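Only a predicted model underlies this, so the values are computations on that prediction, with no experimental measurement involved. Every number for a ligand or one of its atoms is a count from 1 in the order of the listing.
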Amino acid sequence: MSAADHRLHLYELPRAELTARLAEWNFSPVHAARLWNYLYWECADSLAAMPELPAKVRVRLEETFRLGGPALVREAQSTDGFTRKLLLALDDGRVVETVLMRFTGRMTACVSSQAGCAMGCVFCATGQMGFQRHLTAGEIVGQAMQVQRRLRGQGERLRNLVLMGMGEPLHNYDAVMRAVDILRDQNGCALGASRITLSTVGVVPGIVRLADEARPVHLAVSLHAATQAERVALVPVAKKWPLDELIAACRYFCTKLQRRIFFEWALIEGKNDTAEHAHAVGRLLHGLPTQVNLIPLNPTAGFGGEPSRAEAAKRFQKILVEHYGLPSTVRQRRGLDIAAGCGQLAGADRERGA
Ligand code: SAH
Ligand code: SF4
């Protein structure tokens with residue numbers, strides 16, 4: 001589809017809205033149900049691939065809606081075979097990344113919520129790109145469907161979704177939540193509540209809103225530092241949403257929804273991986289139902305830091321559990337050989353002028 005195509009994407013509409021639209025046109029709800037099934041179960045990427053939908057319905061749909069995309073630009077498979085990265089082009093030519101991961105046999109899609117990111121975290125390839133634009137709900141759903149289509153060919157289905165690709169999902173709250181609702185639909189992709197995880201840099205009003213609206217997502221908060229001064233140096237938006245306010249919002253979320261939170265910590269050698277840092281994390285998160293995910297830094301062109309060594313990661317973990325009873329995982333970012341870190345593949349293509 002060209003950028004001049006202003007028709008709404010079919011992936012923008014939750015089932016109730018799609019059904020209402022067909023009803024307005026005096027088409028039976030049976031057709032709406034069939035269309036939904038084609039879209040989300042059969043993974044059809046064109047109206048022509050929906051033969052059981054009467055021609056008059058298809059013609060009407062074609063006038064109002066479009067389907068298809070985002071288009072595959074490039075695909076890379078990691079040598080360990082567990083990660084596949086898709087570089088996808090949006091209708092206006094911007095590219096985003098979607099990653100397909102296989103963990104313990106379960107297929108997880110990591111999708112982007114924005115092209116670029118406005119938050120400017122110094123170690124992040126997407127942050128180094130700056131903000132381009134928000135993705136629409138349809139573009140977020142479209143990434144998941146690209147993955148679903150591939151899995152379907154292998155007789156598998158998507159089980160988990162993480163909003164941890166490019167962009168800050170709580171900076172694009174409405175589109176992200178609309179996409180979550182569409183992907184959770186029981187007659188469609190049917191992703192379970194405990195199967196969707198949203199990762200945020202710490203947009204405090206967004207966390208409070210998630211809690212107030214009791215949104216069915218797990219929350220991961222990218223912490224990276226346990227004092228305000230250290231955090232601002234890595235995550236500049238911490239100036240706007242300071243650490244004490246962030247932790248207060250996290251407590252509110254946990255209490256209100258009776259859910260735990262994951263904290264993410266990119267381990268950077270010498271910078272946030274010492275014993276003192278581990279103790280500071282333990283004290284900061286005291287009393288919160290949580291787990292800390294430690295991820296050795298993925299080096300990027302725009303940041304001089306190095307990933308922590310394995311011993312430093314182990315020491316960090318040991319302090320958290322032995323002194324504070326805090327569970328943690330050390331997760332190697334998978335697929336390093338295909339630049340599977342956030343924004344790295346799109347960044348590399350930009351540098352090459354692709
Ligand atoms: N904007 C959201 C989600 C996308 S980033 C957020 O910041 O949480 C997903 C995760 O990747 C975040 O935890 C982020 O801190 C982390 N990340 C980004 N660049 C990284 C890098 N170079 N090495 C390790 N982790 C990185
Ligand atoms: Fe944006 Fe997340 Fe990257 Fe920070 S880490 S720049 S919030 S995508």
Side-chain angles (χ1 to χ4, degrees), residues 83 85 96-99 101 108-135 140 143 161-173 175-176 196-204 206-207 210 217-225 230-241 246 249-250 261-269 271-273 290-308 313 328-336 338-348:
T83 311
K85 187 158 200 163
V96 292
E97 298 172 3
T98 304
V99 183
M101 299 168 287
T108 298
C110 174
V111 300
S112 297
S113 56
Q114 299 175 318
C117 182
M119 302 294 141
C121 304
V122 296
F123 50 82
C124 169
T126 309
Q128 290 158 16
M129 256 175 234
F131 180 69
Q132 298 176 347
R133 72 166 170 86
H134 293 302
L135 299 196
I140 298 168
Q143 294 172 65
L161 186 84
V162 293
L163 284 144
M164 283 190 193
M166 297 167 75
E168 168 49 50
L170 294 184
H171 184 209
N172 188 16
Y173 190 99
V176 165
I196 300 181
T197 302
L198 181 155
S199 173
T200 179
V201 71
V203 178
V204 168
I207 296 172
L210 280 179
V217 291
H218 281 299
L219 185 61
V221 173
S222 300
L223 194 60
H224 310 309
E230 284 179 328
R231 193 155 189 271
V232 165
L234 294 171
V235 179
V237 291
K239 275 188 225 120
K240 188 164 177 185
W241 297 298
L246 173 60
C250 291
I261 286 188
F262 300 97
F263 284 95
E264 290 163 288
W265 190 278
L267 281 168
I268 310 169
E269 187 173 35
K271 213 167 182 128
N272 66 358
D273 67 348
T290 182
Q291 174 179 310
V292 181
N293 295 326
L294 303 163
I295 309 144
L297 179 81
N298 221 357
T300 54
F303 179 66
E306 293 291 325
S308 301
S328 63
T329 59
V330 179
R331 211 186 305 152
Q332 206 62 49
R333 285 191 84 90
R334 287 189 187 248
L336 280 176
I338 54 163
C342 172
Q344 286 188 301
L345 194 63

Without hydrogens or angle criteria, can the side chains of Glu264 and His224 be said to hold a donor-acceptor pair below 3.5 Å? no

Examine the proximity of ligand 2 to Cys121 and report which part, side chain or backbone, both or neither, has a heavy atom under 4.0 Å away. both

So for ligand 1, is Gly167 a polar contact partner (N or O within less than 3.5 Å, distance only)? yes

Output the list of atoms in ligand 1 that are nearer than 4.0 Å to some heavy atom of Thr200, sorted by atom number. 6 (C), 8 (O)

Gly167: heavy atom below 4.0 Å from ligand 2, yes or no? yes

Identity of the nearest option to atom 19 (N) of ligand 1, non-hydrogen atoms only, from Ser112, Cys124, Ser222: Cys124

Does one side chain, of Asn293 or Thr329, offer a donor that lies under 3.5 Å from an acceptor on the other? yes

Relative to ligand 1, is Thr300 under 4.0 angstrom through side chain, backbone, both or neither, heavy atoms considered? side chain

Would you call Gln114 and Met166 a side-chain contact if the rule is heavy atoms closer than 4.5 Å? no

Examine His224 against ligand 1 and note whether any of their N/O atoms are separated by less than 3.5 Å. yes

Please answer whether the main-chain N or O of Pro296 pairs with a side-chain N or O of Ser308 as donor and acceptor at a distance below 3.5 Å. no

At under 4.0 Å between heavy atoms, is it the side chain or the backbone of Val221 that contacts ligand 1, or both, or neither? neither

Atoms of ligand 1, numbered as shown, that sit under 4.0 Å from any heavy atom of Glu264: 13 (O)

For Met119, the atoms of ligand 2 under 4.0 Å from one of its heavy atoms are 1 (Fe), 7 (S)

Taking Met101's backbone N and O only, do any of them form a donor-acceptor pair with Thr83's side chain (distance below 3.5 Å, no angle check)? no

Contact atoms of ligand 1, heavy-atom distance to Asn298 under 4.0 Å: 21 (C), 22 (N), 23 (N), 24 (C)

Would you kindly say whether Thr200 and Glu168 are connected by a side-chain donor-acceptor distance under 3.5 Å? yes

Which atoms of ligand 2 are found less than 4.0 Å from any heavy atom of Cys117? 1 (Fe), 6 (S), 7 (S), 8 (S)

Does ligand 1 have an atom under 4.0 Å from some heavy atom of Gly165? yes

Please check if the side chain of Gln128 supplies one atom and the backbone of Val122 the other of a donor-acceptor pair under 3.5 Å. yes

Rounded distance (nearest 0.5 Å) linking atom CG of Leu161 with atom OG1 of Thr108: 8.5 Å

Just which atoms of ligand 2 are under 4.0 Å from any heavy atom in Gly127? 6 (S)

Can you tell me which residue among Leu198, Leu163, Val176 is in a side chain to side chain contact (heavy atoms under 4.5 Å, CB included) with Leu170? Leu198

